[in-house]
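Read through the structure below, which is laid out as structure tokens, and then see the notes.
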Amino acid sequence: RARPAAPRLLGLGHARRVLDVTPASLKGEWEEQIRRFTPLPLRLVTGNRTARLALYAEPRPPLFTLVNYEQVVTDDLAINEHLRPDIVVLDEAQRIKIWATKTALAVKRLRSRYAFVLTGTPIENQIDELRSIIDYLDPALLGPLFRFNRDYYVLDEHGRPSAYKNLERLRERVA
């Protein structure tokens, strides 16, 4: 749904720049799919940091800019300052499931009016992985981590999670 949404938002005048963040191995696939379904201009960001910064600073970037997660870790501030995407699409968004990683922190610094996350595995081990992904979309939806833990985990005498609770309420909020 994120792929058709970007051209639709463009057509409505709500977007001029889309940043697609994807694993490096999928950048070519994204390029192929965008070219297949739309005639809109795109570019793959490659090269060293100096070359990438020059691409972000171009005064008239194409609609779609494709970067990989590793580039966002070093380039997040330049992307915000120069590219200023209206839409950010995270493919394989489980890459930000652990909230304190460099990747998750850098991605969550990206600013845009609209954001889409695509993942087939929003939870692999713990429900706070889902919270980390949702936090990118809407930090207010599930609230701060301490409140999330209090609301959805049963904590043992040492304050460590021992079970889940209120999962139906969590499902409703995420829906």
Side-chain angles (χ1 to χ4, degrees), residues 1-99 101-124 129-139 141-142 171 173-175:
R1 295 188 189 262
R3 289 181 187 142
R8 188 170 299 137
L9 288 168
L10 172 72
L12 293 171
H14 296 292
R16 296 177 325 188
R17 296 182 183 109
V18 179
L19 179 69
D20 286 315
V21 183
T22 182
S25 63
L26 296 178
K27 280 168 75 172
E29 175 69 20
W30 270 87
E31 177 185 28
E32 182 181 310
Q33 293 298 315
I34 290 170
R35 290 193 193 286
R36 180 176 174 199
F37 291 104
T38 177
L40 299 169
L42 69 94
R43 72 164 163 224
L44 275 86
V45 175
T46 60
N48 65 30
R49 190 167 194 299
T50 302
R52 295 191 316 266
L53 295 179
L55 287 174
Y56 303 136
E58 287 180 1
R60 294 178 186 254
L63 175 65
F64 291 98
T65 298
L66 283 73
V67 299
N68 53 277
Y69 283 94
E70 294 77 12
Q71 291 167 330
V72 171
V73 170
T74 58
D75 300 352
D76 59 327
L77 299 177
I79 290 168
N80 285 339
E81 182 180 347
H82 300 293
L83 183 63
R84 296 181 310 279
D86 300 303
I87 302 170
V88 173
V89 178
L90 302 181
D91 188 18
E92 302 293 336
Q94 68 272 14
R95 298 281 299 265
I96 67 166
K97 69 181 182 179
I98 301 173
W99 67 272
T101 63
K102 287 181 184 179
T103 299
L105 294 171
V107 166
K108 289 178 182 184
R109 283 191 293 267
L110 294 174
R111 299 289 167 243
S112 65
R113 283 179 72 184
Y114 303 97
F116 297 92
V117 296
L118 309 172
T119 180
T121 54
I123 301 174
E124 292 181 286
E129 296 170 350
L130 175 64
R131 185 208 166 268
S132 183
I133 294 169
I134 296 295
D135 185 58
Y136 177 67
L137 295 171
D138 183 355
L141 183 68
L142 298 175
R171 186 190 66 73
R173 298 212 51 203
V174 170

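The chain is numbered in sequence order, starting from 1.
For residues 53-62, the set of pairs meeting the salt bridge (Lys or Arg N to Asp or Glu O under 4.0 Å) definition, not counting sequence neighbours, comprises Arg43-Glu58. For residues 15-28, no residue pair satisfies the salt bridge (Lys or Arg N to Asp or Glu O under 4.0 Å) rule, not counting sequence neighbours.
Between the CG atom of Leu26 and the CD atom of Gln33 there is a distance of 11.0 Å, given to the nearest 0.5 Å. Atoms CD and CG, from Glu124 and Leu130 in turn, are 12.0 Å apart once rounded to the nearest 0.5 Å. Annotation: the span from Arg131 atom CZ to Leu142 atom CG amounts to 7.0 Å, rounded to 0.5 Å. Between the CG atom in Leu66 and the CD atom in Glu29 there is a gap of 11.0 Å [rounded to 0.5 Å].
Using a 4.5 Å heavy-atom threshold, the side chains of Ile96 and Asp135 count as separate. Between Leu90 and Leu118, every side-chain heavy-atom pair lies at or beyond the 4.5 Å cut-off. A heavy-atom distance below 4.5 Å is found between the side chains of Val174 and Ile134. A heavy-atom distance below 4.5 Å is found between the side chains of Leu19 and Leu110. Considering only heavy atoms from C-beta on, Pro23 stays 4.5 Å or farther from Asn68 through its side chain. Using a 4.5 Å cut-off on side-chain heavy atoms (C-beta onward), Thr50 and Leu53 make no contact. Put simply, the side chain of Val45 reaches to within 4.5 Å of the side chain of Thr65, judged on heavy atoms.
Ser112 pairs by the side-chain contact (heavy atoms from CB on, under 4.5 Å) definition with Val88, Ala115, Tyr136, not counting sequence neighbours. Considering only residues two or more places apart in sequence or on other chains, Arg35 meets the side-chain contact (heavy atoms from CB on, under 4.5 Å) condition with Glu31, Leu42. Scored by the side-chain contact (heavy atoms from CB on, under 4.5 Å) test, Leu10 finds Leu40, Leu63 as partners (sequence neighbours excluded). With sequence neighbours excluded, no residue forms a salt bridge (charged side-chain N to carboxylate O under 4.0 Å, His left out) with Arg173. Judged as a side-chain contact (heavy atoms from CB on, under 4.5 Å), and not counting sequence neighbours, the contacts of Asp75 are Arg49, Arg52, Tyr56, Gln71, Ile79. With sequence neighbours excluded, no residue forms a side chain to side chain donor-acceptor pair (under 3.5 Å) with Glu32. With sequence neighbours excluded, no residue forms a salt bridge (charged side-chain N to carboxylate O under 4.0 Å, His left out) with Arg113. Take Glu81 and apply the salt bridge (charged side-chain N to carboxylate O under 4.0 Å, His left out) test, not counting sequence neighbours, and it matches no residue. By the salt bridge (charged side-chain N to carboxylate O under 4.0 Å, His left out) test, Arg36 is found to be paired with no residue, residues two or more places apart in sequence or in another chain being considered.
The nearest pair of heavy atoms linking Ala57 to His82 is CA-CB, 3.8 Å.
Between the side chains of Asp91 and Trp30, a donor-acceptor pair is found at a separation under 3.5 Å.
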Applying side chain to side chain contact (heavy atoms under 4.5 Å, CB included), run through Glu129 and Trp99 and close with a yes or a no.
CA-CA 8 Å; Glu129 296 170 350; Trp99 67 272; over 6 Å; no
